[in-house]
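The structure appears below as structure tokens.
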Amino acid sequence: MRIFVAGGAGYIGSCTTEYLLDQGHQVTVFDALLNGHRAAVDPRADFIQGNLEDLDGLQRAMDQARPEGVIHFAAFIEVGESMKDPLKYFNNNVANAIHLCQAATDHNVHKLVFSSTAAVYGMTEHFPIREEEPKSPINPYGESKLMFERILAWQHQLKGLPYTALRYFNAAGATRLHGEDHHPETHLIPLIIQAARGERKAISIFGEDYDTPDGTCIRDYIHVLDLAQAHLLALQSDFVGALNLGTGGGSSVRQVIDTVKKVAGHDFPVEVAPRRPGDPARLIADSTAARKILGWNPQYQDLETIVRSAWDWKQAHPLGYNDR
């Protein structure tokens with residue numbers, strides 16, 4: 001299959017590109033390199049540097065790639081930043097994404113797979129979270145993703161563009177070639193790895209009085225290769241709509257810290273800080289529908305396996321993509 005990956009120089013995009021190529025597909029990566037890394041683009045892929053805001057340039061890229069499938073990763077993802085600069089998020093995650101939707105429609109793409117998020121649900125009360133749960137985002141990031149899901153639904157209904165939106169929870173881990181290298185880093189596992197490597201003085205736990213077994217928040221961590229598998233299955237499926245991706249289990253902040261210590265073989269200071277506003281005690285996905293509809297079968301559900309892959313990649317690339 002010829003696959004057009006928007007945002008393929010980012011974390012999940014680069015890992016998915018590697019997986020698609022390993023499966024024998026032809027990939028064109030389209031990325032503005034605003035947050036992604038040129039060195040993260042698999043050398044087996046064709047690369048076109050461009051921004052989704054430039055519809056004419058995007059159309060030319062599609063003319064060149066002639067894609068049968070499109071995967072959309074090209075979004076801003078920082079919840080905190082979205083609360084400070086909401087228009088930045090709506091402009092890129094909605095307005096620019098509409099350009100990709102238009103180009104995919106114009107080029108008669110067989111399927112568009114959208115990288116969505118559990119943030120569309122907001123502060124839900126039922127766990128694990130099913131797709132039917134009410135959608136009440138509590139930040140512009142989640143709202144922007146939900147808005148584009150709705151746009152895709154209307155474009156399918158009125159213009160016939162097939163799509164699948166994949167709502168995943170906490171992406172983590174690394175592949176053989178690609179890993180997580182954000183600047184600044186805000187995700188828990190790479191932050192803890194920084195502490196284990198002596199690059200950070202301590203790691204903070206934001207609240208230890210939640211209604212969970214050890215008092216710290218529980219999240220559903222999913223290996224990035226399992227996410228990549230789901231994107232390919234969605235491209236190959238006739239299903240239209242939204243699906244959750246997660247392990248259905250969960251690990252607490254303390255469990256993640258202890259696992260990093262075990263994998264790294266290093267201790268480091270851990271500090272307890274006040275709760276952060278808006279942090280739910282649990283975020284766990286019910287991915288029954290994805291398993292049934294797509295035939296999705298996650299292979300890397302063990303937390304230690306996820307952490308070890310991230311640790312090994314960081315050890316091999318201590319400066320991230322800057323050491324290439």
Side-chain angles (χ1 to χ4, degrees), residues 2-18 20 26-82 84-109 111-117 119 140-152 155 161 163 165-166 171 178 180-184 186 231 320-322 324:
R2 294 185 303 275
I3 304 171
F4 189 91
V5 179
Y11 168 44
I12 303 175
S14 63
C15 293
T16 301
T17 294
E18 177 187 342
L20 295 171
Q26 180 181 332
V27 179
T28 297
V29 168
F30 183 87
D31 200 296
L33 301 181
L34 298 179
N35 294 320
H37 306 270
R38 179 63 181 87
V41 178
D42 195 299
R44 296 171 293 171
D46 295 323
F47 175 65
I48 300 174
Q49 184 170 350
N51 197 309
L52 294 182
E53 69 180 6
D54 176 10
L55 179 57
D56 290 339
L58 176 60
Q59 296 278 25
R60 289 192 297 271
M62 287 263 192
D63 289 341
Q64 178 179 328
R66 297 181 298 111
E68 298 160 278
V70 170
I71 305 180
H72 177 29
F73 294 110
F76 295 140
I77 63 170
E78 298 299 334
V79 170
E81 183 187 44
S82 80
K84 297 176 182 177
D85 193 356
L87 293 184
K88 174 182 179 180
Y89 277 68
F90 291 122
N91 184 60
N92 185 61
N93 296 4
V94 182
N96 290 351
I98 289 173
H99 287 168
L100 184 63
C101 187
Q102 181 67 61
T105 304
D106 291 346
H107 286 81
N108 298 311
V109 166
K111 188 71 170 289
L112 188 153
V113 176
F114 173 45
S115 170
S116 192
T117 173
Y141 165 66
E143 186 69 45
S144 69
K145 291 282 192 171
L146 182 59
M147 288 174 71
F148 190 60
E149 279 194 26
R150 289 170 170 159
I151 288 167
L152 286 172
Q155 188 71 354
L161 176 67
Y163 79 96
L166 298 176
H178 300 98
E180 199 163 2
D181 186 19
H182 296 121
H183 301 283
T186 60
H231 285 78
Y321 290 106
N322 291 329
R324 297 192 178 186

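Owing to the predicted nature of the structure, the values given are computational and were not obtained by experimental measurement.
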Verdict with reasoning, I3 to Q26, per side chain to side chain contact (heavy atoms under 4.5 Å, CB included): CA-CA 6 Å; I3 304 171; Q26 180 181 332; over 6 Å; no

Taking it one step at a time, do L58 and F30 satisfy side chain to side chain contact (heavy atoms under 4.5 Å, CB included)? CA-CA 9 Å; L58 176 60; F30 183 87; 4.0 Å; yes

Rounded to the nearest 0.5 Å, how far does [atom2] of [Y] lie from [atom1] of [X]?
X	Y	atom1	atom2	value
Q102	L55	CD	CG	6.5 Å
S14	E180	OG	CD	10.0 Å
L34	L52	CG	CG	9.5 Å
L152	R150	CG	CZ	12.5 Å
I12	L166	CD1	CG	10.5 Å

Partner residues of K111 under the side chain to side chain donor-acceptor pair (under 3.5 Å) criterion, sequence neighbours left out: T164

K145 side chain to S115 backbone, donor-acceptor under 3.5 Å: yes

Heavy-atom closest contact ([X] atom, [Y] atom, distance):
X	Y	answer
C101	L161	SG-CD2, 3.8 Å
A40	A9	CB-O, 3.5 Å
P86	P140	CB-CG, 3.8 Å
D181	G320	OD2-CA, 3.5 Å

Quick one: ring pair (Phe, Tyr, Trp, His ring centres under 6.0 Å) partners of H37, sequence neighbours excluded? H183, Y321

Set of ring pair (Phe, Tyr, Trp, His ring centres under 6.0 Å) partners for F148, sequence neighbours left out: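 In terms of ring pair (Phe, Tyr, Trp, His ring centres under 6.0 Å), with neighbours along the sequence ignored, F148 is linked to H72, F114.
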
Looking at residues at least two apart in the chain, or sitting in another chain, which of them share a side chain to side chain contact (heavy atoms under 4.5 Å, CB included) with [X]?
X	value
D56	D54, R60
T17	V5, L21, V27, V29, D42, A45
R66	R2
D63	H107

Salt bridge (charged side-chain N to carboxylate O under 4.0 Å, His left out) involving E149 - partner list, sequence neighbours excluded: R167

For the residue pair [X] and [Y], establish whether any side-chain heavy-atom pair is separated by less than 4.5 Å.
X	Y	value
I48	Q64	yes
V113	V70	no
I98	Q155	no

Side chain to side chain contact (heavy atoms under 4.5 Å, CB included), that's the test. Do L33 and Q49 meet it? Break it down for me. CA-CA 7 Å; L33 301 181; Q49 184 170 350; 3.7 Å; yes

Validation row, ring centre Y141 to ring centre F76 under 6.0 Å: no

With sequence neighbours excluded, give me every salt bridge (Lys or Arg N to Asp or Glu O under 4.0 Å) pair touching residues 29-41.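 Qualifying pairs, neighbours excluded: none.
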
Decide ring-ring contact (aromatic ring centres under 6.0 Å, His included) for H178 and Y11; before the verdict, give the C-alpha distance in whole Å, the side-chain angles of both, and the deciding distance to 0.1 Å. CA-CA 7 Å; H178 300 98; Y11 168 44; over 10 Å; no

Give the C-alpha distance, both sets of side-chain angles, the deciding distance and a yes or no for side chain to side chain contact (heavy atoms under 4.5 Å, CB included) between D106 and M62. CA-CA 9 Å; D106 291 346; M62 287 263 192; over 6 Å; no

Could you note down all residue pairs passing side chain to side chain donor-acceptor pair (under 3.5 Å) where residues 89-98 supplies at least one of them, sequence neighbours left out?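 Checked against side chain to side chain donor-acceptor pair (under 3.5 Å) - neighbours excluded - the pairs reaching residues 89-98 are E81-Y89, N92-N96, N93-S144.
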
